[in-house]
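Note that the coordinates shown come from a computational prediction; the quantities given were computed from them, not determined experimentally. We name chains A, B, ... by the order of the sequence lines, and we start the count at 1 in each one.
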Amino acid sequence: MEELNDQYLQRRKKLDDLKAQQVEPYPNKFVSTFSSAKIRQQFGHLQQEAEDSTVVVLAGRIMTMRLMGKACFATLKDASGRIQIYVRKDKIGETEYTIFKTLDMGDIIGVEGNVFCTRTGELTIMAQKVTLLSKALRPLPEKWHGLKDIETRYRQRYVDLIANDEVADIFRLRSKAIKTMRRILDEKEFLEVETPMMQPLAGGAAAKPFITHHNALDIDLYLRIAPELYLKRLIVGGMERVYEINRNFRNEGISTRHNPEFTMIELYQAYADYNQVMDLCRELITTVVKECTGKLEVEYQGNTIVFAGDWKRMTLLEAVKEYTGADFITPKTLAETRKIARDLQVPFEDQDSQYKIINTIFEELVEKKLVQPTFICDYPTELSPLAKNAKNNPDIVERFELFIGAQELANAYSELNDPLEQRKRMEQQLTQRERGDEEAQMLDEDYIRALEHGMPPCGGLGIGIDRLIMVITNSASIRDVILFPQMRPEGK
RNA sequence: GGGCCGUUAGCUCAAUGGUAGAGCAGAUCCCUCUUAAGGAUAAGGUUGGAGGUUCGAGUCCUCUACGGCCCA
């Protein structure tokens, strides 16, 4: 345990004193009848110096105290907000007041009393009774500046939530966004399902997995990098419309946009193609933005993002041409492609194919410019082993990615349902894997067996929930929208 | 992985290479309409860690831990 400071010791002493006076510092339960928000709602009409005789019971954490001899104003914080209480010696009694005076900021108390409005117009509870519900042994951060230290905010999110009211707002919004998505999909008769997080093969995306071990079976298992292949097995099974909202795990770097575990919604709709999925994607996001922010415009990191109206749609090659000037719509040789990449100062490997280089150019130079909602379509087949070919071009698949605020928010395609083609693609991935591409996909024989039973034509979509929440809460870092972001362990 | 920046009291922040300070919080006292309450008094530090340079290091150098930003 870390060294104990004076304030901790002081509070420990107060704890002992309370026990000596037969005051239970950690009682089992407390029944409250009001929240701070409910009090504001029900008594907010009270004029200055007006009073209501209704008795309210409320619990919360003491955030500030203004002690004046025989009376004290304090601010309580509960899940719904803050409210002032007024504790007077002549109202609660001498012994009780003596105990009250020993309480500290950070302590959790219950208050019983009636509501009035002060001379200065602040809605306040006149306490008739105060009950200690939990003694806090550690001091609160500074009451005015809150907790600023970013490292402490992430490592000790509980302190962050106590000290900085706006933090909980972000997570309330996050919850609302997810509920909204569930509601929309439920209305469309999608079935919410849960598929394995621990998989014998990590499929469905190009990413490095975490590996764990099952002792009884004595096998290694992967934490999933995507639920895709399982959800599509359900489409084979006839579920027709399914979605899953849960964590994926990717064993990669940590940045303002990447956390090793992150939340995705993935959905699959039988008999749909990527164009229908595109409409659904837009509906989901605009509805979430509208219901969470009340508007269809969002300020994000200095830009105004407009969700109303049609969203820009362009092919990958069109986007590369528009934002870099490099024209691959007119076919180029590999040598010409390499030269263009060098001229644009985009790095590539000798074994990279032409489309891989074009994709790198896109990632390096184009993504950062896609601030307004933009659908990028028609990806190269070799980079999309689970997507169905475009009708007239075997090099291209029916796929789109959605970019908002210069980051990828969604990925979707018309799902490949030809088992023979799927086997060929997975075998190509295996070859790339053997050549050292750790992110190439694995060959999943059971998945191909499932396709061999016949999967209806199907559209699939994945939306990165964390990044969507970043946009609607104007958060610069993914850590601001994840309650407990991954951190290196504290060295002691 | 590379570059830059940061780490000082519980919290928020100061401090030309020359005695480590302030505000809040905490302690004691005064105070029954305060709201960053107010007034008085006293206290609170191994400056992230380990080395080094120097008469003298929070400050300069090296290493290291953790974090932030940018790049890959």
- Task: Confirm from the modelled atom types if A/Thr118 and B/rU34 form a donor-acceptor pair under 3.5 Å, side chain to base only.
- Result: yes
- Nearest-angstrom distance, C1' atom, B/rG17 to B/rA25: 33 Å
- Message: Using a 4.0 Å heavy-atom cut-off, does A/Arg155 contact any base of the nucleic acid, only the sugar-phosphate backbone, or nothing at all?
- Response: sugar-phosphate
- salt bridge (charged side-chain N to carboxylate O under 4.0 Å, His left out): which pairs involve residues 146-155 of chain A, sequence neighbours left out? A/Glu151-A/Arg155, A/Arg153-A/Asp160
- Message: Less than 4.0 angstrom between a side-chain N/O of A/Arg66 and OP1 or OP2 of B/rG38, yes or no?
- Response: no
- Under the ring-ring contact (aromatic ring centres under 6.0 Å, His included) test, which residues partner A/Phe348, sequence neighbours left out? none
- Message: The criterion is side-chain contact (heavy atoms from CB on, under 4.5 Å); which residues satisfy it with A/Asn303, sequence neighbours excluded?
- Response: A/Val371
Just the table, please: protein N/O against nucleotides 68-72 of chain B N/O, every pair under 3.5 Å.
{"unit_1": "B/rG68", "atom_1": "OP1", "unit_2": "A/Arg479", "atom_2": "NH1", "d": "2.5"}

- Task: Indicate whether any N or O donor in one side chain lies under 3.5 Å from an N or O acceptor in the other, for A/Asn248 and A/Glu261.
- Result: no
- Which nucleotides of nucleotides 7-13 of chain B have their base under 4.0 Å from a protein heavy atom (B), which only their sugar-phosphate (S), and which neither (-), written as one string 5' to 3'? ---BBSS
- Message: If you assign A/Glu122 and A/Arg11 each to the RNA chain B nucleotide with the nearest heavy atom, which residue ends up on the more 5' nucleotide?
- Response: A/Arg11
- Query: side chain to side chain donor-acceptor pair (under 3.5 Å): which pairs involve residues 356-377 of chain A, sequence neighbours left out?
  - Reply: A/Asn359-A/Glu363
- Task: With sequence neighbours left out, write down each residue that passes side-chain contact (heavy atoms from CB on, under 4.5 Å) with A/Ala168, or none if nothing qualifies.
- Result: A/Leu161, A/Arg172
- Distance in angstrom units between A/Tyr8 OH and B/rA27 C1', rounded: 19 Å
- Pick base, sugar-phosphate or nothing for A/Tyr97, based on heavy-atom distances below 4.0 Å to the nucleic acid. nothing
- How is A/Lys14 classified with respect to the nucleic acid when contacts are heavy atoms under 4.0 Å: base, sugar-phosphate, or nothing? sugar-phosphate
- Task: Classify the angle between the aromatic ring planes of A/Phe400 and A/Phe375 as parallel (below 30°), tilted (30 to 60°) or perpendicular (above 60°).
- Result: perpendicular
- Task: If B/rC4 has a Watson-Crick or G-U wobble mate with both distances under 3.5 Å, name it; if not, just say none.
- Result: B/rG68
Can I get a per-line list of side-chain donor-acceptor pairs under 3.5 Å for residues 401-413 of chain A, giving both atom names and the distance, sequence neighbours left out?
{"unit_1": "A/Glu401", "atom_1": "OE1", "unit_2": "A/Tyr379", "atom_2": "OH", "d": "3.3"}
{"unit_1": "A/Glu401", "atom_1": "OE2", "unit_2": "A/Arg399", "atom_2": "NH2", "d": "2.8"}
{"unit_1": "A/Gln407", "atom_1": "NE2", "unit_2": "A/Tyr300", "atom_2": "OH", "d": "3.3"}
{"unit_1": "A/Asn411", "atom_1": "OD1", "unit_2": "A/Arg399", "atom_2": "NE", "d": "3.0"}
{"unit_1": "A/Asn411", "atom_1": "OD1", "unit_2": "A/Arg399", "atom_2": "NH2", "d": "3.4"}
{"unit_1": "A/Tyr413", "atom_1": "OH", "unit_2": "A/Glu228", "atom_2": "OE1", "d": "3.4"}

- Message: So, using side-chain contact (heavy atoms from CB on, under 4.5 Å) as the criterion, who are the partners of A/Lys13 when residues are at least two apart?
- Response: A/Asp17
- Steps toward side chain to side chain donor-acceptor pair (under 3.5 Å) verdict (A/Gln84, A/Thr75): CA-CA 4 Å; A/Gln84 179 168 266; A/Thr75 310; 5.1 Å; no
- Message: Restricting to salt bridge (Lys or Arg N to Asp or Glu O under 4.0 Å), what partner residues turn up for A/Asp444, sequence neighbours left out?
- Response: A/Arg233
- Note on the structure: residues 26-44 of chain A vs side chain to side chain donor-acceptor pair (under 3.5 Å), sequence neighbours excluded, gives A/Ser36-A/Asp78, A/Ser36-A/Ser80
- Query: Applying a 3.5 Å limit to both distances, which nucleotide forms a Watson-Crick or G-U wobble pair with B/rC63?
  - Reply: B/rG49
- Here the residues of residues 76-89 of chain A within 4.0 Å heavy-atom distance, strictly under, of RNA chain B are A/Gln84, A/Tyr86, A/Arg88
- Message: For A/Met65 and A/Met126, find the nucleotide of RNA chain B closest to each by heavy atoms; which residue's nucleotide sits nearer the 5' end?
- Response: A/Met126
- Item | C1' gap between B/rG68 and B/rA27, integer Å | 36 Å
